[in-house]
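Accompanying notes for the structure given below.
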Amino acid sequence: MPEMLWKLLEITIIIALLIPMAAMLVWVERRLIGIWQDRHGPNRVGPFGVLQSFADLLKILGKEDWVPPFSDRLVFTLAPIIGAICVLMSFAVVPFSPDIGVSNLNIGLLFFLAMASLAVYSVVLAGWASNSKYALLGGMRAAAQTVSYEVFMGLSVMGVVLLTGTFNLREIVLAQTDGWLIQSQFVGFFIFLIAGIAESHRLPFDLPEAETELTAGFHTEYSGLKFALFFLGEYLGVTLISAMSVVLFFGGWLMPEPLASWLPPLLWFVIKIMCFVMFFILLRTSLPRPRFDQLLKFGWMVMLPLALLNLLVTALLRLTGVL
Amino acid sequence: MSYFASIESLFYLAATVAVVASLKVVTGNNTVHALLYLVVSLLAVAVCFYLMGAPFAAGLEVIVYAGAILVLFVFAVLMFGLGKDETQHAPQNSGISNMFGAMFLAFALLIELVVIINNAQIQQSLQVKVISSKSVGIMLYGPYLLAVEIASFLLLAGLLAGYHYAKPESQGSQR
Amino acid sequence: MNKNSFKNSLLISQLRTMWLVIKHTFTKADTVQYPEQKPYLAPRYRGRIVLTRDHGGEERCVACNLCAVACPVDCIALQQVVDDDGRKRADFFRINFSRCILCGFCEEACPTYAIQLTPDVELAEYDRQNLVYEKEHLLINGPGKYPDYSFYQQSGIAIAGKGKGEAEQERPPIDVKGLMP
């Protein structure tokens, strides 16, 4: 029984760290975008503006939690919750360090893919339940985009599974002790990264919420706490995709020897994640949004053949014993 | 506690959720709500698979059925705009009691999942008779090769037919 | 799939964009930290409106109403009176800054350089009524942009202490009846 209590404590601590981190990411993102656009970004609330997110949170909590009378009340309320829960559940299988991590599930990678595919419901149902044109269009875009890019995401990580022979994320990390998988799987990593951006519908693939075309897309009708939940889900999703990239291709908490002894493994893991998060923010600032048909065409005409080719070559090299 | 957290009781709970959700699928009068119940039902079936020692099948169930195929169903419903005439005839679903059913089923599954992930004993006893993905692969490409091939041909035929129907009538109209 | 879309799929343009953006990490921000650090506003910046005086300390405004006519949002209201010494001045002069769009048309229309726009933009008030400026709020004790100009020294109007023909660049008036040959 105390074992279970410890586990619950661990889960609570991880969630209690993840959610403020997602809030901080909003500030980090705004600051970085500011710097890259020759501005300062929010720098007033607290030192360097670090408390900006909490000020925003206070404001958003004080807002009226409005449910449109023309919406489907139940689904409208459920949609943001599904999004946040699916992303938080995915963190259960992420191995943070040699001895931190909620669950050592032997289908960890499949669990992550499953949760990522369930997270679509959040957006699609939000779009449907809002009962407005913009939201519906956003929801439909999200459905088509996510179902398409899920395919490539699944295929791109299969190379990793071939090389390590397991779905267990902890074992995948441990299999990279001699060298990170990015060395042999850089094509897979590239596809995973792009599919990850499309899955978490971040810019430049934020077509479900494309402000310039659909006002705010699927969350046009949302306000207050529910809107905050969507935002939380989005930023947790960015962190999750970064964490999965690190775990699958960049050796998780592992580092080459001289560096590894400088900092604890958990810190190395967090540093790697932050590098990826900053990369995602860089993508957001620099790249324009593609048209929707361009997005789908790029997926099916470029990503899918590339992913299949990567899988094929990896399997061949594996069979011939090169890798 | 030990009885609540035993594999059998969890299995029957998940099975009950699956049955109740499936019943709601066929008795409801709102398409999207029915699809949501179907998702819950499939998730419950996935939990059943997991508890029977087939984590690979459970994962695939969620990814393929709940994650991809039903999203396509929802997409089709959104596309054809079936909601219009339903919202007029359907009873107003703003009451807490109406929300309770769906919430309860999904919440039961969530609790179950937390219990499974949280309980080292269950994790250990699940490891004993686990069917690995490797053995699934060997079975698919060994004794069941013919079935796999037939299924893949069926899918290929479906793909070709879909492509044929989706192809524009005149090539010039594109772009 | 033509050649162009193959080239696009290599994402070269995207990578170049990202490189260009990341180079901006090291450029200085253009932002001015406003309340602590004031931005430079040019002397002819169009900000708060003032009524100026000439170097003699007299009001320049002769209340000719041209500014009120030129104003596109009708935010200027005034009334002319003529003093005993012959000077014309505004009985009241009112500018409603909650309407004013700081376009500067009044300044252009003014024949006596009385109304001028200054580089002061800090006009915010909590109460809307405080944005209605009366003549005593508008008048300043200086000549503004044209320090040497004085309307009555240039024009032929007679005032106390200056008769007709005594202005600068003005000849004395000619008695047309004494011009007989």
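Each chain gets a letter, A, B and so on, in the order its sequence line appears, and its residues count up from 1.
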Ring of C:Y34, cation from C:K38 - is the NZ or CZ under 6.0 Å from the centre and inside 45° of the axis?
yes
Using 30° and 60° as the class boundaries, would you call the ring planes of A:F250 and A:F189 parallel, tilted or perpendicular?
perpendicular
Looking only at A:T285, A:N43, A:L32, the option with the highest number of non-hydrogen pairs under 4.5 Å against chain C is A:N43
Is the side chain of A:R44 donor-acceptor paired with the backbone N or O of A:G49 at a distance under 3.5 Å, no angle test?
no
Out of A:H40, A:M303, A:Q294, which one racks up the most heavy-atom pairs below 4.5 Å with chain C?
A:H40
So what's closer than 4.5 Å to chain A heavy atoms on C:K23: side chain, backbone, both or neither?
neither
Most heavy-atom pairs under 4.5 Å with chain A, out of C:L20, C:T27, C:T25, belong to C:T25
With only heavy atoms counted, which part of A:L287 is less than 4.5 Å from chain C, the side chain, the backbone, both or neither?
side chain
C:I76 side chain near C:C106 side chain, heavy-atom distance below 4.5 Å:
yes
With a 4.0 Å cut-off on N to O distance, would you call A:R202 and A:E29 a salt bridge?
yes
